[in-house]
Amino acid sequence: MKRTHSCGALRLEDVGKTVSLAGWVDRRRDLGGVIFVDLRDKYGKTQVVFDPERNQEVHQIADQLRNEYVITVTGVVQKRPEGMENDKLSTGKIDVKIDKIEILNTAETSPLAINDPKEESRENDDLRLRYRYLDLRRPWIQKNLILKSRFLKEVHNFFHENGFEDIETPVLCKSTPEGARDYLVPSRVNPGRFYALPQSPQQYKQLLMIAGMDRYYQIAKCFRDEDLRADRQPEFTQIDVEMSFVDQNDVMELFDRFVTEVMGKVWDFTPPSPIRRMTYAEAMLKYGSDKPDLRFDLEIKDVTELAGNTGFGVFNSVMKAGGKIRGLAAKGCVDFTRKQIDDLTAHVARYGAKGLVWMRVKENDEVETQVGKFFTVDQLNALRDAVGASASDMMFFIAGSEKVAATAMGQLRLEIARIKGLMNPSVREFVWITEFPMFEYSETEGRYMSMHHPFTSPMPEHLEMMLSGNLKDCNAQAYDLVLNGVEIGGGSVRIHKPDVQEKVFRLLGLNEEQVKEKFGFFVDAFKFGAPPHGGLAFGLDRVVATMEGFESIRDFIAFPKNTSASSPMDQSPSEVDLTQLQDIHISLNLPKK
RNA sequence: GGGGUGGUAGCUCAAUUUGGUUAGAGCACCGGCCUGUCACGCCGGAGGUUGCGAGUUCAAGCCUCGUCUAUCCCGCCA
């Protein structure tokens with residue numbers, strides 16, 4: 001027994017007890033005589049005291065202690081002298097006078113400042129990942145992992161209480177077209193053949209519905225071989241759910257309860273119930289995004305008719321070409337400098353905006369703008385009223401294709417909110433986005449692609465439209481759950497009729513042979529009595545990160561990859577022995593340097 | 001694949017108008033002093049291929065080119 005208590009356990013009522021503690025030396029304060037050591041473990045910190053008058057031998061050993069040494073100590077809990085309490089520690093009213101010490105391990109000087117009291121001070125990511133086991137000793141990051149663990153426990157409870165079964169699905173799967181690039185695993189016993197790691201257990205969970213399992217959930221590892229971002233890792237975890245005999249309302253209602261009962265409990269708050277819903281069309285129009293951040297207004301207005309029918313050639317030609325003109329009133333931003341506006345212009349250019357038109361509303365409500373000569377005073381005033389601007393506001397306008405006008409404006413909206421500090425991290429705004437388009441035209445592929453995935457059912461009233469080949473206006477029974485501008489979950493009602501599924505594959509450009517080869521087993525399964533079903537997947541890492549106000553999910557994953565999808569700690573991916581490659585019948589054809 | 005930003009001591013950063021003594025500071029580290037500190041304090045010390053490679057120049061951390069790398073973003077991510 002190395003310890004009787006953790007380093008976060010002792011309180012005033014323990015005074016007088018003889019205790020043993022074990023942990024890491026967080027910090028040593030040597031006053032010449034008495035030596036103080038903050039001993040740290042997962043549970044907290046406790047100050048232990050080495051008094052030369054109490055025990056000279058032990059004191060001499062304490063003299064050798066350095067940061068991150070691993071020790072076990074035994075001593076007597078004492079009330080700290082008057083005025084010597086430390087309010088920052090839960091154990092701060094006591095300390096432990098040490099009679100016995102054992103150095104369990106020494107430690108080299110840490111390349112990371114583990115005991116840095118400034119929580120926001122972090123070394124660069126490369127160094128942190130290289131010494132991740134040291135990085136993970138920091139209390140703030142341990143807190144993140146522990147929170148995720150607690151959340152998972154409640155997730156399991158919730159689904160079990162609601163009749164869901166936790167069923168594992170394969171990690172070695174069949175590679176399928178559509179979607180992200182697959183991670184491939186060569187088969188040794190089947191030369192020239194490959195498994196794919198699952199992008200999600202989508203098909204398996206649907207097969208479980210066909211199998212009659214009725215309600216399935218799984219904490220599922222998913223893999224996507226695409227470029228990384230702060231909120232995207234090549235492997236990540238989903239709370240994956242599927243239910244039989246449900247419509248989309250049933251799924252959303254279940255997750256309304258999930259948010260209230262699980263997230264509300266873990267983060268100790270009361271979410272709105274039900275969570276508000278907004279159509280995709282409304283979100284794109286008003287917020288220029290399918291994941292609107294509703295912590296602030298800054299609503300976008302369509303001013304195509306107003307602005308297009310003026311003497312301003314740019315607006316005029318965009319409208320005639322079938323494009324849109326969108327505007328918004330940036331409240332209290334009349335004093336934006338020319339440099340700020342230039343930066344905003346550059347910002348929206350990244351999203352395809354050809355330009356950014358700005359107008360100031362002066363104290364007397366008069367509109368002032370560089371392009372004023374193209375508008376009448378009435379037209380300017382009409383624009384001002386249309387976007388809801390008044391004195392001391394700045395107005396911004398973007399003209400372009402509907403997609404560019406919407407998304408560039410949406411990004412402008414976010415950037416203004418950042419500048420004005422409107423993204424309050426303590427506010428949580430949930431919203432369901434519904435009625436997503438069924439298909440999306442891909443310029444790079446030159447064809448329509450599924451916006452969600454190819455198993456998504458069209459809205460019943462749009463089925464005929466889809467079957468007749470109108471893909472543009474066909475909406476799906478798909479829904480995303482959005483929190484503070486972050487998509488934390490998404491799902492759909494699935495197609496359960498084999499003929500509809502076949503048709504969708506065909507519309508996506510897959511011929512009969514390709515469907516048979518890639519999805520044959522899946523399509524066959526639907527011929528044997530598939531129940532209507534639907535579900536949803538929650539991004540576990542992203543939910544926790546977003547709830548904690550972090551943008552990067554890396555601080556919630558014990559061993560994440562860097563942006564090159566490699567691990568600076570274990571140097572993976574790495575080269576392998578030639579014999580290993582021979583076993584799996586692989587020869588390398590590497591790009592020239 | 002493309003763009004932005006960064007790479008200087010173990011760590012976090014600095015180094016004046018394109019350049020001008022021996023590249024600095026804080027923390028960490030090592031030594032000394034200090035008996036109630038808690039980011040202890042005081043004194044001293046050590047620590048540098050300025051990512052790498054070329055180039056321009058009398059002179060490069062600083063300018064140019066290439067390259068590597070990290071990060072953020074666009075594309076991509078059903």
Side-chain angles (χ1 to χ4, degrees), chain A residues 26-39 45-54 59 66-68 78 80-89 91-92 95 97 108-131 134 176-182 199-200 202-203 222-234 236 343 346-347 349-352 407-408 411 415 436 438-440 442-445 448-456 476 478 487 490-492 504 508 537 539 551-552 554 562-564 566 568 593:
Chain A
D26 191 65
R27 197 180 285 277
R28 185 180 69 114
R29 289 177 295 279
D30 182 350
L31 273 64
V34 66
I35 295 173
F36 296 100
V37 167
D38 291 336
L39 195 61
K45 289 176 195 168
T46 301
Q47 173 168 282
V48 298
V49 188
F50 299 91
D51 187 341
E53 288 170 10
R54 186 181 180 94
H59 181 265
R66 295 294 181 268
N67 286 350
E68 302 309 315
Q78 307 222 333
R80 290 199 190 188
E82 202 72 29
M84 300 298 165
E85 297 88 356
N86 185 345
D87 294 338
K88 290 182 212 156
L89 297 181
T91 60
D95 53 24
K97 296 263 189 187
E108 291 181 16
T109 302
S110 170
L112 303 181
I114 296 166
N115 61 8
D116 196 324
K118 290 196 295 285
E119 192 159 289
E120 69 276 14
S121 83
R122 293 164 200 186
E123 294 79 4
N124 78 57
D125 277 18
D126 188 42
L127 195 76
R128 289 179 59 199
L129 291 184
R130 183 147 35 111
Y131 298 100
L134 298 180
T176 54
E178 300 290 308
R181 200 174 290 112
D182 283 325
Q199 297 172 29
S200 86
Q202 183 61 38
Q203 292 175 61
C222 304
F223 306 85
R224 292 176 191 178
D225 187 5
E226 295 291 349
D227 288 352
L228 282 71
R229 290 282 190 284
D231 63 346
R232 273 178 8 206
Q233 282 278 304
F236 60 99
D343 288 347
H347 186 74
R350 293 213 291 261
Y351 303 91
T407 56
Q411 293 295 334
E415 191 61 21
F436 274 81
M438 184 84 180
F439 304 98
E440 190 177 32
S442 163
E443 299 289 345
T444 47
E445 297 278 323
Y448 276 95
M449 297 175 67
S450 296
M451 192 151 182
H452 188 56
H453 58 54
F455 319 115
T456 303
E487 179 202 326
S492 63
V504 169
L508 292 171
E551 284 183 14
S552 172
R554 283 176 220 166
N562 67 13
T563 47
S564 309
S566 59
K593 268 224 162 169

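Chain letters run A, B, ... following the sequence lines, proteins first and then strands; every chain starts at 1.
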With distance as the sole criterion, do the side chain of A:Arg229 and the base of B:G75 form a donor-acceptor contact below 3.5 Å?
yes
Taking N and O atoms by type only, does the side chain of A:Asp95 place a donor or acceptor under 3.5 Å from a partner on the base of B:G36?
yes
In terms of heavy-atom contacts, does CD of A:Glu445 have more than 12 from other residues, nucleotides or ligands at under 6.0 Å?
yes
Rounded distance (Å) that lies between atom P of B:G75 and atom CD of A:Glu440:
11 Å
Could you check which nucleotide pairs with B:C27 in any of the strands shown, counting Watson-Crick or G-U wobble with both distances under 3.5 Å?
B:G10
Using a 4.0 Å heavy-atom cut-off across all strands, classify A:Pro111 as base, sugar-phosphate, or nothing.
sugar-phosphate
Heavy-atom nearest nucleotide on RNA chain B for A:Glu53 versus A:Arg80: which residue maps closer to 5'?
A:Glu53
Looking at B:C72, I'd like to know if its phosphate oxygens (OP1 or OP2) sit under 4.0 Å from a side-chain N or O belonging to A:Arg554.
yes
Ignoring hydrogens and geometry beyond distance, is the side chain of A:Arg232 in donor-acceptor contact with the base of B:C77 at under 3.5 Å?
yes
B:C40, OP1 or OP2 - any side-chain N/O from A:Arg27 closer than 4.0 Å?
yes
A:Arg66 vs B:C30: side-chain N/O to OP1/OP2 distance below 4.0 Å
yes
Salt bridge check: are A:Arg29 and A:Asp38 linked by an N-O gap of less than 4.0 Å?
yes
Are any side-chain N or O atoms of A:Arg80 and backbone N or O atoms of A:Glu85, one a donor and one an acceptor, separated by less than 3.5 Å?
no
Taking only side-chain nitrogens and oxygens of A:Arg29, does any of them come within less than 4.0 Å of OP1 or OP2 of B:U37?
no
Roughly, in whole Å, what's the span from CG in A:Asn115 to P in B:C40?
8 Å
With a 3.5 Å limit on both atom pairs, tell me what B:A70 is paired to, counting Watson-Crick and G-U wobble, or say none.
B:U5
Does A:Val504 form a side chain to side chain contact (heavy atoms under 4.5 Å, CB included) with A:Phe455? I'd like the steps, not just the answer.
CA-CA 8 Å; A:Val504 169; A:Phe455 319 115; over 6 Å; no
I want to check one thing: is the phosphate of B:A70, taken as OP1 and OP2, less than 4.0 Å away from some side-chain N or O of A:Asn562?
yes
Looking only at atom types and distance, does a side-chain atom of A:His59 sit under 3.5 Å from a main-chain N or O of A:Gly33, one as donor and one as acceptor?
yes
Mapping A:Ser564 and A:Leu228 onto RNA chain B by nearest heavy atom, which one lands closer to the 5' end?
A:Ser564
